[in-house]
Amino acid sequence: MGIKIMSMDRPVKSFAPPKRVLMGPGPSDVHARVLAAMARPTIGHLDPAFVGMMDELKALLQYAFRTTNELTIPVSGPGSAGMETCFVNLVRPGDTVVVCANGVFGTRMAENVRRCGGDPLVIETPWGEPVDLNKVDEALKGANATALAFVHAETSTGVASDAAALCALAQRHGALSIVDAVTSLGGMPVEVDAWGADAVYTGSQKCLSCAPGLSPVTFGPRAVERVKTRGGKARSWFMDLDLVMGYWGAGARRAYHHTAPINGLYGLHESLVMLAEEGIEASWARHAKAHRALRAGIEAMGLSFLVPEASRLPMLNAVLVPEGVDEAALRARLLERFGLEIGAGLGALAGRIWRIGLMGQSAVPANVLLCLSAIEATLGETNAPITTGAAVPAATRVLFQDV
Ligand SMILES: *Cc1c(COP(=O)(O)O)cnc(C)c1O
């Protein structure tokens with residue numbers, strides 16, 4: 001069946017996505033409750049019922065970010081839109097911003113600074129290592145920087161940097177901190193108020209396990225002050241927080257800026273309700289346990305990690321591809337046989353690592369065991385020197401015996 005559309009060589013009909021298990025760098029598996037919420041009837045974006053839901057959403061985001069910041073809202077757009085919102089609102093032409101780059105996303109932050117007319121002072125750390133605090137301290141000393149920008153959880157490498165220490169360094173040098181918490185939020189501690197972080201953004205599709213397309217951000221008092229005193233208009237009309245807050249701000253009067261992605265916001269609301277029901281600390285613990293179980297299995301198989309344990313992320317596991325294995329062929333086979341998606345390496349790490357995500361709803365025992373047995377079964381067909389039969393028992397011990 002289907003209908004004939006001019007340029008399509010096959011009939012077009014309703015799209016039915018195949019069943020998948022999402023264990024890549026995002027999106028993660030979306031719970032049926034979130035999908036059901038998104039399928040509810042669309043209402044007006046100025047409807048009082050919708051405005052009431054927005055207020056709950058802001059409170060739920062404050063809970064997730066561990067902040068009392070009033071300016072805590074979901075930006076309409078994916079994580080990259082949250083990133084841009086921070087830069088276009090805080091960086092003026094001519095400003096110096098110290099940017100920590102230890103993977104793909106730090107590099108993108110530097111590009112954001114450039115596009116705002118600012119001057120990024122890029123502190124490079126080798127991919128696979130956390131941001132070097134001493135180098136950042138040195139750079140901030142002489143820079144008179146407006147801001148320090150860094151990625152808390154580098155999804156391209158699986159590395160966690162010391163966000164608390166970096167925020168403290170920024171404060172000590174009178175710079176605002178701009179923090180990428182896209183991959184970390186919900187899966188490991190992100191303590192906006194305790195860190196004194198000034199502007200933090202995240203994404204809906206990683207550890208929050210919502211559909212992609214929304215980017216929660218939170219701005220603290222110093223960042224809000226900067227928006228007010230920056231001078232000149234933000235270089236993006238769409239992301240200008242002065243305008244956006246006319247719609248998202250407190251009070252019953254909401255001015256139209258752009259039509260909110262109504263159904264997407266229902267989904268984010270539901271995923272945050274689920275996070276609050278579980279308790280955010282319990283969610284962190286679940287991610288940590290899933291990681292420990294995966295690690296036990298990966299190591300029992302004889303494989304190893306790119307990143308040393310001390311700076312390893314729980315939700316993004318960079319596993320070294322054994323010598324001589326065609327990593328893309330293995331991923332294709334996992335997808336075809338098991339409906340299992342894992343990620344490839346990026347940039348210098350392409351072909352060298354797999355990125356196994358344990359984000360949100362994907363950080364559950366069934367996924368860990370599926371992933372280990374699927375990799376073992378598939379790698380076992382190659383000449384890779386792996387140990388078989390040990391991974392699942394090792395992971396099972398962590399999941400169900402070491403309480
Ligand atoms: C995924 C990701 C982003 C970008 O998010 P999109 O939703 O893909 O735009 C930014 N930073 C980090 C650390 C990420 O993992």
Donor on one side chain, acceptor on other, N144 and H173, under 3.5 Å: no
Going through the distances and angles, do H31 and Q361 end up as a side-chain contact (heavy atoms from CB on, under 4.5 Å)? CA-CA 7 Å; H31 196 278; Q361 297 300 320; 3.5 Å; yes
Interatomic distance, CG@L185 vs CZ@F65, rounded to 0.5 Å, equals 5.5 Å
Report yes or no: does D240 contribute a side-chain atom to a donor-acceptor pair with the main-chain N or O of D242 at less than 3.5 Å? yes
For the atom pair CG (N263) and OH (Y266), what is the distance rounded to the nearest 0.5 Å? 5.5 Å
Classify the angle between the aromatic ring planes of Y256 and H45 as parallel (below 30°), tilted (30 to 60°) or perpendicular (above 60°). perpendicular
Taking E323 first and then R352, would you say they form a salt bridge - that is, a charged N and a carboxylate O separated by under 4.0 Å? no
Centroid-centroid distance, W237 to H258, less than 6.0 Å: no
Are the charged groups of E225 and K228 less than 4.0 angstrom apart, N to O? no
Is it the case that over 12 heavy atoms from other parts of the model lie below 6.0 angstrom from the NZ atom of K135? yes
Donor-acceptor contact present, side-chain N89 to main-chain L241, <3.5 Å: yes
With a 3.5 Å distance limit and no angle check, can you tell me whether E154 reaches the backbone of A160 through a side-chain donor-acceptor pair? no
Could you tell me the separation between the OG atom of S283 and the CE atom of M188, rounded to the nearest 0.5 Å? 12.0 Å
Residues passing the side chain to side chain contact (heavy atoms under 4.5 Å, CB included) test with V179, sequence neighbours excluded, are F150, H152, C167, S177, A197, V200
May I have the step-by-step check of side-chain contact (heavy atoms from CB on, under 4.5 Å) for M23 and L340, ending in yes or no? CA-CA 7 Å; M23 299 185 72; L340 173 64; 3.6 Å; yes
Could you note down all residue pairs passing salt bridge (Lys or Arg N to Asp or Glu O under 4.0 Å) where residues 377-391 supplies at least one of them, sequence neighbours left out? R337-E381
Are R254 and D55 within salt-bridge range, i.e. N to O under 4.0 Å? yes
Between E278 and R286, does any side-chain N to carboxylate O distance fall below 4.0 Å? yes
As a quick check of understanding, evaluate side-chain contact (heavy atoms from CB on, under 4.5 Å) for T218 and L71, giving each step before the final call. CA-CA 6 Å; T218 184; L71 206 175; over 6 Å; no
Mark yes when over 12 heavy atoms from residues, nucleotides or ligands other than E70 sit less than 6.0 Å from its CD; otherwise mark no. no
Assess, by modelled atom type and distance only, whether the side chains of S362 and S28 contain a donor and an acceptor separated by less than 3.5 Å. no
For the CZ atom on R115, are there more than 12 heavy atoms of other groups (residues, nucleotides or ligands in this structure) within a distance under 6.0 Å? no
Matching residue for N317 among R355, R295, H291 - test: side-chain hydrogen bond (donor to acceptor under 3.5 Å, both in side chains): H291
Of I298, L334, I356, the one forming a side-chain contact (heavy atoms from CB on, under 4.5 Å) with C371 is I356
Does the distance from a Lys or Arg side-chain N to an Asp or Glu carboxylate O, for D193 and R66, drop under 4.0 Å? no
Approximate separation, where rounding is to 0.5 Å, of T85 OG1 and I73 CD1: 7.5 Å
May I have the step-by-step check of side-chain contact (heavy atoms from CB on, under 4.5 Å) for L372 and M301, ending in yes or no? CA-CA 9 Å; L372 289 170; M301 226 185 281; 4.0 Å; yes
Could you measure the distance from the CG atom of L208 to the CG atom of L272? Nearest 0.5 Å is fine. 5.5 Å
Ignoring hydrogens and angles, state whether a donor on the side chain of S271 or S209 is under 3.5 Å from an acceptor on the partner side chain. no
Can you find a heavy atom in the side chain of V131 that is under 4.5 Å from one in the side chain of L166? yes
Before you tell me yes or no, could you show the steps for R333 and D326 under salt bridge (charged side-chain N to carboxylate O under 4.0 Å, His left out), namely the whole-Å CA-CA distance, both residues' side-chain angles and the distance that decides it to 0.1 Å? CA-CA 11 Å; R333 222 161 284 143; D326 177 349; over 6 Å; no
Rounded to the nearest 0.5 Å, what's the gap from CG on L148 to OG1 on T96? Could you check? 12.5 Å
With a distance cut-off below 6.0 Å to the six-membered ring centre and an angular limit of 45° from the axis, does R312 pair with F305 as a cation-pi contact? yes
The single option from C100, S184, P130 passing side-chain contact (heavy atoms from CB on, under 4.5 Å) against S161: P130
Cut-off 3.5 Å, side chains only: do D132 and T125 have a donor facing an acceptor? no
Do the charged groups of E111 and R108 touch, with an N to O distance under 4.0 Å? no
